[in-house]
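For reference, the structure is listed below as structure tokens.
Predicted model, so just to flag it, every value in this text is computed and none were measured.
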Amino acid sequence: METAALVVPITGLELFQHRFLLAEKHSTSERSFYDFAIFGGRAVRLVRLHLGFKDVEILHLEVLGPLLELQDWALDVRWLSADNQSLLCVAVAHNGALLLDSTTGSALVQCSCLEGCLLYSALLLVHQSWTDAVVVGGTVFNQLIIWKPGRQDGMINSGHKAPVERRLLGHGGVIFSISYLQEKGYLASASDDRSVRVWGVGALGGPGGKCGDSNPTCLRVLYGHQARVFSVHLSTGYVFSAGEDGACLVWDLEGGGKVIRTLKGHRAGGVRSLAVSGGTGDDERWVATGGADGGVRLWMVEDGEENKESLEEKLTDLKFPGPDLPKVVCIAGGEEENMCWSQFSVCTDRGTVCQYTDGSWETVWEGPPEFYSYCVMDTVTAFLKNVASTVTLCAVGNISGSIQVFPTSHPLSGVRLTGRPGKIHSIFWKKGTDKLYLLASGAEGFVYRWCVEVKMKENSLLVLSLVPLPSFLLPLCSKRWLTAAICFQHHSNKELWVCGDRRGSLLLFQEGENVELNRTDHEKVNEGLQTGVKTRTMEEKKHDLTLHPLSCLFGVHEKHGVTSVSEYRGLFYSTGKDGCVRIFRVSQTQPEESNGDLHLEVLRVQRACRGMEWLERVLILESEIPEELGEECENVIRGELREARFVIAGFHAVHFVVWDPVRQERLMVVPCGGGHRSWSLWLSHTGIWSGRGALVFIKQGAIITSQPPGEMLGCAGVAGRTGGWSLREGIHGRGIWCVCRLGRIEEIGIDSQTHKGDSKMYWEIVVTGGEDTSLAVLAINTVSGIVKVLSVITDHISGVRTVTATTQLQGEALSALLLSAGGRAQIQCNRLLVVWDRQRMTPSCQVIQVASHRLDIQWERKRNRHKTVKMDPESRQVWIS
């Protein structure tokens with residue numbers, strides 16, 4: 001049985017005929033095939049690439065001849081340009097060079113340097129003959145040496161030992177990569193000492209095998225990587241370097257040696273290889289990077305562009321006028337779709353509301369003294385009932401329980417609302433199916449609600465109508481106020497609310513229902529607390545104006561609170577400051593178990609990257625949005641709602657980050673200083689990540705934006721300028737410790753019928769676990785070898801040591817119960833459902849968390865555990881069956 005490597009580090013890359021990537025037309029006079037020499041270890045393999053310009057699918061590689069085995073490690077291989085006998089020059093690790101006959105595999109000439117040291121890297125510069133060849137080697141002694149394998153008299157003598165012609169000193173570590181730019185006479189070297197050095201060596205190679213200037217000098221020492229530098233490439237005006245820190249840096253060689261762009265997109269393990277094309281007619285370059293995760297990414301770099309990673313230079317101060325200090329900032333009209341990135345509302349410590357429009361600030365409303373010192377604010381865009389127009393509404397709450405609601409264009413038309421005495425902790429505008437709601441979380445766990453309408457009179461005056469609704473009553477806890485809410489229409493035609501509170505609980509309310517918590521929810525809510533719940537008479541219930549939750553997931557996001565709740569096509573996504581996204585749904589209990597009540601059910605948990613604990617919201621990827629949103633049935637996989645691909649917005653140390661949990665990369669980075677500040681995110685589409693976004697926030701009394709107001713392009717820009725294009729998906733950034741085959745599914749649809757004969761196309765489904773604490777669900781095409789990452793499960797807090805599964809084929813779907821275990825004595829159980837998605841013509845996987853277990857979970861919940869000794873040793877699960 002033939003085997004193939006699925007996940008291996010990409011250690012060699014070469015861009016060949018980059019115009020193919022631009023989808024240009026080709027003439028019939030183009031060559032139909034090209035021969036390549038692939039080398040690694042102690043062998044060289046010749047392959048032929050057959051090109052079909054009319055049909056991309058007929059591109060294929062053909063192996064030419066046997067494997068050419070060597071006696072030493074091959075570091076570089078080049079064809080002799082004027083050779084008609086297919087001769088290869090090979091530089092080997094023990095500071096030697098070979099001349100190979102590619103047809104027979106025999107070594108015609110063997111030559112070595114007088115300095116017989118070990119090389120970590122080598123660069124061959126060849127011309128027309130063996131005597132023109134020049135070798136640049138990076139030695140184990142941190143030096144660069146230049147020597148000629150051919151004799152000066154032009155005679156070919158096997159066994160000849162050549163002297164060192166030039167020696168370059170300066171590196172403090174071994175040299176991993178060498179590049180030469182002929183038109184400038186520059187040589188670049190990448191080293192273990194985290195530096196890149198650029199040398200002026202003059203002409204190397206060419207006719208006669210020139211060895212450059214007699215006294216080469218170091219022109220630049222470039223420090224910017226946080227770890228070893230594995231690869232370097234010189235281009236006109238630029239230096240490209242890639243290292244173990246996972247970054248590819250673009251240096252401006254002519255402009256002082258500064259980093260002008262940082263390309264990041266690979267998982268942990270670093271970037272192992274790099275290839276750069278020549279500039280096109282538009283002064284663009286294609287950059288390909290290969291990572292230790294087995295992924296390959298393609299990037300486009302333009303000449304003269306600014307640094308895309310150093311966003312400090314792009315931050316814009318809006319020059320907020322004093323002397324008042326801003327306390328709350330938000331985008332005018334809320335973060336709604338198609339809102340202009342040029343208007344912002346700010347509330348100050350003196351209760352003044354100001355608005356930024358077209359580059360200037362103006363005062364909209366000045367609050368009375370009870371709004372001084374403390375305030376909360378939110379804005380929204382509302383539709384006028386009798387006029388085809390919109391208006392921006394603003395709501396400001398204070399410490400005494402009062403709320404001022406007013407249109408920013410007509411602040412005198414505002415209305416003062418008063419709840420119970422006490423602090424207004426938070427205030428929200430929320431849109432229902434055809435209604436606008438205002439929610440204010442006050443003292444003692446009461447959430448006041450109003451239904452808001454705005455009308456315009458004949459004299460162009462705005463009239464606000466606020467109808468009070470029954471308040472929500474939050475469960476008893478120490479931090480009893482609302483932090484997130486969403487209104488939606490259930491398929492049973494019931495209007496429901498899903499809310500999150502500061503204690504980390506998720507709550508379900510039903511409009512028009514007045515019910516108590518059931519016994520199970522009471523046990524969760526009252527754990528460690530004294531509820532003081534009293535039995536109420538029927539008369540008291542009749543006159544009660546508060547709604548109690550139908551269901552409560554108490555403390556599911558731990559004690560730091562829920563930050564957001566969103567809904568997309570039937571599934572809900574909540575975020576918190578525990579570093580987790582929880583995907584859940586509203587389910588109905590079986591009639592035989594209860595009265596068919598609705599309750600919240602968590603399906604699975606998705607963690608962000610290490611150190612990113614403060615999560616703020618979930619954004620659905622734009623590629624997930626179907627063309628016809630009305631086809632709800634397409635969102636169901638064998639009776640289960642299909643989970644959408646999403647990204648996570650939150651704070652990682654002092655940066656605001658948009659994180660892709662599947663590709664394990666940052667899509668947007670803003671150095672704002674951390675999460676303890678007021679901020680607002682602008683998106684081109686509400687709740688959708690299309691690669692465009694911008695942030696406005698308060699820092700040290702200033703209003704700062706990550707993009708100048710009025711610009712439509714967000715921080716992320718387009719794909720080619722941030723995360724690049726994924727040519728091959730990366731899987732694990734570190735070692736793979738376990739693997740489990742689940743089975744296979746059949747490819748169904750138009751594409752599967754284009755294959756010849758009656759043969760069916762299958763995708764093998766495999767789960768891998770690794771040192772990076774994640775499980776990857778992979779689909780592998782058995783014919784093309786394409787590997788697709790269907791899902792990444794990040795429930796483990798330590799490396800995954802073992803994985804096993806029980807599977808069952810349910811029609812066209814593959815169902816599996818997956819058990820995984822590893823460090824910290826942790827066991828996870830997930831249910832997988834893998835099917836062929838006919839709408840997207842790709843395999844699809846739904847993950848539902850079933851159960852989890854840890855031996856030391858009670859230890860982490862124990863108070864003052866730092867004062868006691870943990871008696872149980874640190875256990876690892878190494879095998880499960």
Side-chain angles (χ1 to χ4, degrees), residues 75-76 78 80-82 89 91 95-97 111-154 160-193 195-223 229 231-241 251-258 276 278:
L75 299 181
D76 195 15
R78 302 287 172 177
L80 287 182
S81 58
C89 291
N95 209 2
C111 180
S112 61
C113 182
L114 281 174
E115 188 165 326
C117 59
L118 187 67
L119 301 183
Y120 268 70
S121 60
L123 174 66
L124 267 171
L125 301 171
V126 298
H127 188 51
Q128 294 184 352
S129 65
W130 171 255
T131 56
D132 298 332
V134 173
V135 177
V136 183
T139 72
V140 72
F141 302 114
N142 314 334
Q143 302 175 2
L144 284 168
I145 58 174
I146 302 174
W147 60 282
K148 293 179 58 177
R151 294 182 54 170
Q152 297 291 340
D153 54 12
H160 167 65
K161 289 186 176 292
V164 175
E165 302 288 344
R166 305 287 185 269
R167 191 184 302 272
L168 307 179
L169 307 177
H171 276 294
V174 296
I175 297 160
F176 291 121
S177 179
I178 307 169
S179 178
Y180 178 66
L181 183 62
Q182 184 176 6
E183 61 185 67
K184 293 287 187 178
Y186 292 164
L187 190 73
S189 54
S191 173
D192 181 65
D193 63 4
S195 74
V196 174
R197 289 179 179 257
V198 181
W199 314 80
V201 296
L204 295 179
K210 302 181 182 65
C211 292
D213 299 337
S214 58
N215 294 312
T217 58
C218 182
L219 304 178
R220 301 278 185 194
V221 181
L222 307 177
Y223 279 100
V229 188
S231 184
V232 66
H233 185 92
L234 275 172
S235 183
T236 305
Y238 301 97
V239 179
F240 299 82
S241 61
W251 308 80
D252 185 3
L253 185 57
E254 306 296 339
K258 296 181 179 180
V276 182

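Between the CD atom of Glu165 and the SG atom of Cys113 there is a distance of 9.0 Å, given to the nearest 0.5 Å.
Here the side chains of Leu234 and Tyr180 are not in contact, with every heavy-atom distance at 4.5 Å or above. For the pair Tyr120/Asp192, no side-chain contact is recorded, criterion being any heavy-atom separation below 4.5 Å from C-beta on. Using a 4.5 Å heavy-atom threshold, the side chains of Ser177 and Ser231 count as touching. When side chains are defined from C-beta on, Leu144 does not count as touching Ile146, because their heavy atoms never get closer than 4.5 Å. Residues Leu114 and Val164 are not in side-chain contact: their nearest non-hydrogen atoms beyond the backbone lie 4.5 Å or more apart.
For Ser241, the side chain to side chain donor-acceptor pair (under 3.5 Å) test picks out His225, Trp251, with sequence neighbours left out. With sequence neighbours excluded, the residues that form a side-chain contact (heavy atoms from CB on, under 4.5 Å) with Asp76 are Phe39, Arg78, Ala91, Leu123, Leu124.
Between the side chain of Ser191 and the backbone N or O of Gly173, at least one donor-acceptor pair lies under 3.5 Å. Between the side chain of Ser121 and the main chain of Ile175, a donor-acceptor pair closer than 3.5 Å is present. Arg166 places no side-chain N or O within donor-acceptor distance of the main-chain N or O of Pro216, the cut-off being under 3.5 Å.
Closest approach of Cys117 to Phe141, counting heavy atoms only: CB-CE1, 3.7 Å. In terms of heavy atoms, Leu80 sits closest to Gln128 at CB-O, 4.3 Å. Summarising the geometry of Ala162 relative to Trp147, their closest heavy-atom pair is CB-CE3, 3.6 Å, with the distance given to 0.1 Å.
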Go through it in stages, so that I can follow the logic: the residues are Asn142 and Val174, the test is side-chain contact (heavy atoms from CB on, under 4.5 Å), and I'd like the CA-CA distance, side-chain angles, deciding distance and then a yes or no.
CA-CA 5 Å; Asn142 314 334; Val174 296; 3.9 Å; yes
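The side-chain hydrogen bond (donor to acceptor under 3.5 Å, both in side chains) pairs that include a residue from residues 202-214 number zero, where partners must be two or more places apart or lie in different chains. Within the structure, every pair that satisfies the salt bridge (charged side-chain N to carboxylate O under 4.0 Å, His left out) test and touches residues 111-133, not counting sequence neighbours, is listed here: Glu115-Arg167. Listed by first and then second residue, the salt bridge (charged side-chain N to carboxylate O under 4.0 Å, His left out) pairs involving residues 168-185 amount to none (not counting sequence neighbours).
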Donor-acceptor pairs under 3.5 Å, side chain of residues 195-209 to any protein atom, not counting sequence neighbours: which ones?
unit_1, atom_1, unit_2, atom_2, d
Ser195, OG, Asp193, OD1, 2.7
Ser195, OG, Asp193, OD2, 3.3
Arg197, NH2, Gly170, O, 3.0
Trp199, NE1, Ser189, OG, 3.1

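Summarising the local packing, OH of Tyr223 is surrounded by more than 12 heavy atoms from other residues, nucleotides or ligands at distances under 6.0 Å. Heavy atoms from other residues, nucleotides or ligands lying under 6.0 Å from CZ of Phe176 number more than 12.
Checking Leu168, Val136, Asn95, Val135 one by one against Ile145, the side chain to side chain contact (heavy atoms under 4.5 Å, CB included) holds for a single residue, Asn95.
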